[in-house]
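To start, the structure itself, in structure tokens.
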Amino acid sequence: MTSAYPHKGSSAIQSPLVFAFIYRYYEVELQYVLTPCPLVLSPQIPQVSYASTAPELSDNTRYDFFSRVVPPDTYQAQAMVDIVKAMRWNYVSTVASEGNYGESGVDAFIQKSREDGGVCISQSVKIPREPKLGEFDKVIRRLSENPNARVVILFANEDDIRRILQAAKKANQTGHFIWVGSDSWGSKISPILNQEEMAEGAVTILPKRQSIRGFDRYFISRTLDNNRRNIWFAEFWENNFQCKLSRHALKKGSGIKKCTNHERIGKDSSYEQEGKVQFVVDAVYAMAHALHNMHKELCPGKVGLCSKMETINGTMLLKFIHNVNFTGIAGTPVIFNVNGDAPGRYEIYQYQMKHNTTEYKIIGHWADQLHLDEMRWPGGTWQVPQSICSQPCHPGERKKTVKGVPCCWHCERCDGYQYQADTYSCKMCRFDLRPNENHTACEAIPIVKLEWSSPWAVIPVLIAVLGIMATMFVVATFIRYNDTPIVKASGRELSYVLLTGIFLCYATTFLMISAPDVGICSLRRIFLGLGMSISYAALLTKTNRIYRIFEQGKMSVSAPRFISPASQLVITFSLISVQLLGVCIWFGVDPSQAIIDYEDQRTSNPDMSRGVLKCDISDLSLICLLGFSMLLMVTCTVYAIKTRGVPETFNEAKPIGFTMYTTCIVWLAFIPIFFGTSQSTEKMYIQTTTLTISVSLSASVSLGMLYMPKVYVVLFHPEQNVPKRKRSLKAVVTAATMSNKFPTKGGLRPNGEAKSELCESLETQG
């Protein structure tokens with residue numbers, strides 16, 4: 001019933017000696033099926049092994065009549081993979097002794113690690129059957145090539161394990177490697193003898209087993225006299241007691257004594273029960289139970305063999321072997337799966353050093369699942385040593401795996417507006433979001449708007465407030481002195497229209513700084529261009545009136561058409577209506593709304609990114625909105641140039657001209673500032689401030705040059721604000737023309753007598 005199949009040959013239990021003792025001890029249990037009649041077996045002979053663990057023995061196509069009461073190394077490999085993963089090691093090396101046991105064990109470990117994932121192999125080293133000098137030093141050098149792979153999986157025989165530890169000690173690698181040994185290491189002392197410090201922290205594995213008390217009592221009672229039937233016992237006796245039974249075998253000076261037969265096992269020699277005794281007993285019982293069950297089925301009620309069992313059918317016996325289910329000598333169930341393998345049950349050991357004492361301590365067990373207790377590592381620490389290829393990436397970093405080695409990676413930062421979507425990828429945040437501080441998620445981009453307390457708003461508001469106060473002062477003065485000559489001469493109706501436009505220009509500042517919403521944005525569309533359109537429409541009407549009067553006066557004594565105040569108001573409001581019509585069409589095509597622009601302040605640094613709350617007025621829309629006002633301004637400037645020959649003492653041609661020249665300069669300065677900052681992160685502030693100040697300056701130029709001198713005369717020189725005698729239009733125009741030729745004479749008439757006469761004459765004729 002012993003196995004002839006491949007297994008690890010280093011275990012002493014494989015010798016027939018111990019099996020013979022065990023079989024003899026339990027022979028009485030088999031009396032009911034073992035009769036003097038010889039059993040004739042077919043060539044298909046079922047076998048039950050107590051030690052062979054090679055994985056390939058599970059292959060039913062090759063070893064279909066093979067069964068075993070020990071688990072195959074595939075379970076052991078799975079347990080070792082579970083240990084590695086439980087310790088969070090993902091980068092390990094393997095060492096195998098050349099041969100079936102070592103190579104198959106490592107192959108099983110590698111296969112299981114690939115199936116489960118998360119474990120990679122740094123080095124896979126094989127030790128030759130007959131290693132050359134320095135072979136183990138070479139093994140240690142290979143294992144040291146990657147210092148991050150500290151864990152070494154060992155499927156090697158005792159001698160190879162011992163020599164590996166020696167080589168590691170020689171290379172001054174004490175405490176560096178963490179050994180995970182298979183059952184060939186187990187809890188044996190011989191591999192680590194005199195090099196215990198190299199094995200500290202080693203984790204080893206053994207099939208779960210128990211010491212059989214009855215066997216100890218039986219075995220130590222065996223002597224040469226009561227165990228003659230065992231043909232190997234004499235050889236065991238000589239080796240155990242270091243003596244010779246035959247005088248002829250003794251050599252002089254060898255120091256070997258002659259056996260006396262008074263030696264006793266366990267008394268005159270050390271004795272420790274072999275670890276696989278339990279499995280030998282279970283193997284015997286498995287065969288006994290199979291034969292017993294087969295006998296009950298084929299020979300019911302009969303003692304001894306019947307004719308049906310005279311020739312044993314191997315296939316039938318194999319079926320009974322696979323169907324056995326009983327409690328083994330250690331109290332664990334003995335069963336077989338379809339491949340004839342026993343279930344995997346292992347005990348996990350760790351070689352620990354504490355207070356200068358060493359021991360193999362059971363720190364867990366494995367039976368389909370791993371259970372581990374607290375472990376002690378080299379240096380007496382409880383912290384699990386690392387054996388990983390790459391350090392874990394920080395939050396906000398993605399893993400970029402090394403090709404072919406999934407456990408090794410480079411950490412790449414999710415930069416810019418990216419966030420860590422998962423372990424291996426970064427994704428862009430939505431347009432209205434930005435990554436948080438560690439780039440693990442996205443958060444809302446802060447929304448900003450121009451605040452009243454901002455320096456960008458304070459200056460325009462201050463200018464606007466002063467401008468409104470000045471405008472209201474001028475309006476109040478004009479109303480108070482509405483019937484005086486200077487107020488009349490300035491064209492009262494158009495003056496009030498112009499002052500209204502100036503007031504709206506100043507008031508626009510408050511709309512531009514107010515928090516955008518649908519109402520504010522609608523008012524911006526209406527009044528931003530309306531104030532300037534009213535101002536320049538009134539000025540254009542005035543300059544056109546002066547131009548036509550002087551052109552007409554050169555040719556005829558009759559007054560030009562449409563120069564009365566009513567006509568002038570109609571012309572002015574007609575021009576203003578063009579602006580209002582355009583705004584209405586804009587409202588119909590694209591209703592006003594407040595939007596959050598996330599592109600204006602989308603900086604390369606997400607922390608500085610802001611969403612800008614603003615009205616949906618683009619730069620192009622703004623130009624279109626102000627375009628008509630600009631056209632009126634340019635046209636007015638052209639007429640101002642045409643009337644530049646009119647004497648400054650006659651009407652307002654010269655002040656209007658200076659006003660338009662200054663206004664053009666203001667807006668020429670505005671354009672490069674406004675569009676030159678379109679890429680700036682401060683665009684909202686710069687453009688709003690520039691626009692409001694430009695509009696306010698335009699209004700201030702008109703207010704200062706056209707009305708402040710009149711207010712000054714009205715308030716501080718009332719003697720000049722008196723009516724003059726009236727003459728005909730022809731006489732007035734002729735006087736003006738002559739005055740242009742002789743400016744010194746015209747200057748002798750304070751307050752512009754010709755000017756008053758001209759205006760009053762035109763008003764009368766209008």
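Numbering starts at 1 and runs along the sequence shown.
Atom NZ of Lys85 has more than 12 neighbouring heavy atoms from other residues, nucleotides or ligands inside a 6.0 Å radius. The environment of CZ in Arg264 is crowded: more than 12 heavy-atom neighbours from other residues, nucleotides or ligands sit within 6.0 Å. Surrounding CD of Gln195 are more than 12 heavy atoms belonging to other residues, nucleotides or ligands, all under 6.0 Å away.
Atoms CD and NZ, on Glu297 and Lys308 in that order, are 9.0 Å from each other to the nearest 0.5 Å. Distance check, rounded to the nearest 0.5 Å: CG of Leu206 to CD1 of Ile348 gives 9.0 Å. Taken from CZ in Phe320 to CE in Met294, the straight-line distance is 6.0 Å, to the nearest 0.5 Å. To the nearest 0.5 angstrom, Ser390 atom OG is 5.5 Å from Trp409 atom CH2. The distance from atom CG of Leu57 to atom CG of Asp341, rounded to the nearest 0.5 Å, is 8.5 Å. Separating the CD1 atom in Ile205 from the CD1 atom in Ile83 is a distance of 5.0 Å, to the nearest 0.5 Å.
Not one N or O on the side chain of Thr327 forms a donor-acceptor pair closer than 3.5 Å with the backbone of Pro333. Side chain of His295 to main chain of Lys302: a donor-acceptor pair is present (N/O by atom type, distance under 3.5 Å, no hydrogens or angles).
A donor and an acceptor atom, one from each side chain of Asn323 and Asn293, are nowhere located under 3.5 Å apart. Judged by distance alone, the side chains of Asp59 and Thr61 do bring a donor and an acceptor atom under 3.5 Å apart. Side-chain polar atoms of Ser182 and Tyr101 form a donor-acceptor pair below 3.5 angstrom. Side chain to side chain, Glu197 and Thr174 fail the donor-acceptor criterion of an N or O pair below 3.5 Å. A donor and an acceptor atom, one from each side chain of Arg142 and Ser124, are nowhere located under 3.5 Å apart. Between Asn157 and Ser184, the side chains place no donor N or O within less than 3.5 Å of an acceptor N or O (distance only, hydrogens not considered). Using a 3.5 Å distance cut-off with no hydrogens or angles, the side chains of Thr358 and Glu196 do not pair a donor with an acceptor. Between Gln47 and Ser67, the side chains place no donor N or O within less than 3.5 Å of an acceptor N or O (distance only, hydrogens not considered). Checked by atom type, the side-chain pair Asp107/Gln111 shows no donor-acceptor distance below 3.5 Å. Using a 3.5 Å distance cut-off with no hydrogens or angles, the side chains of Asn240 and Glu263 do not pair a donor with an acceptor.
Considering only residues two or more places apart in sequence or on other chains, Lys257 meets the side-chain contact (heavy atoms from CB on, under 4.5 Å) condition with Cys243. Qualifying ring-ring contact (aromatic ring centres under 6.0 Å, His included) partners for Tyr351, counting only residues two or more places apart in sequence or in other chains: Tyr360. Phe177 meets the ring-ring contact (aromatic ring centres under 6.0 Å, His included) test with Trp179; sequence neighbours excluded. Remark: Arg162 pairs with Asp159 by the salt bridge (Lys or Arg N to Asp or Glu O under 4.0 Å) rule, at least two apart or across chains.
Side-chain atoms of Lys188 and Ile161, non-hydrogen and from C-beta on, never get closer than 4.5 Å to each other. Proximity of Val384 to Arg88: side-chain heavy atoms (C-beta onward) are nowhere separated by under 4.5 Å. Counting heavy atoms from C-beta outward, His365 and Lys208 have side chains that stay 4.5 Å or more apart. Under the 4.5 Å side-chain criterion, counting only non-hydrogen atoms from C-beta, Ile121 is in contact with Phe109. The shortest side-chain heavy-atom distance between Leu317 and Leu291 falls under the 4.5 Å cut-off. Contact check for Ile178 versus Val152: no side-chain heavy atoms found under the 4.5 Å cut-off. Between Gln76 and Phe155 the shortest side-chain heavy-atom distance falls below 4.5 Å. Considering only heavy atoms from C-beta on, Ile321 comes within 4.5 Å of Phe336 through its side chain.
Residue pairs meeting the disulfide (SG to SG under 2.5 Å) criterion with at least one partner in residues 149-222, sequence neighbours excluded, do not occur; the list is empty. Sorted by first and then second residue, the pairs that involve residues 264-284 and meet ring-ring contact (aromatic ring centres under 6.0 Å, His included), not counting sequence neighbours, are Phe219-Tyr271. Sorted by first then second residue, the salt bridge (charged side-chain N to carboxylate O under 4.0 Å, His left out) pairs that include residues 342-368, not counting sequence neighbours, number zero. Applying the disulfide (SG to SG under 2.5 Å) test to every pair with at least one member in residues 141-191, sequence neighbours left out, gives no pairs at all. For residues 52-154, every residue pair satisfying the disulfide (SG to SG under 2.5 Å) rule, not counting sequence neighbours, is listed here: Cys120-Cys407. Applying the salt bridge (charged side-chain N to carboxylate O under 4.0 Å, His left out) definition to pairs two or more places apart or across chains, none involves residues 315-336.
For Arg222 and Tyr218, the positive end sits near the middle of the six-membered ring, less than 6.0 Å away and at most 45° from its axis.
Taking the six-membered ring for Trp and the full ring otherwise, Phe233 and Trp237 have centroids separated by under 6.0 Å.
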Could you list the donor-acceptor pairs under 3.5 angstrom formed between side-chain atoms of residues 125-136 and any protein atom two or more places apart in sequence or on another chain?
none

For residues 371-383, which side-chain donor-acceptor pairs fall under 3.5 Å, sequence neighbours excluded?
unit_1	atom_1	unit_2	atom_2	d
Thr381	OG1	Gln383	N	3.1

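What you find for Leu298 and Met316 is that their closest heavy atoms are CD1-SD, 3.7 Å.
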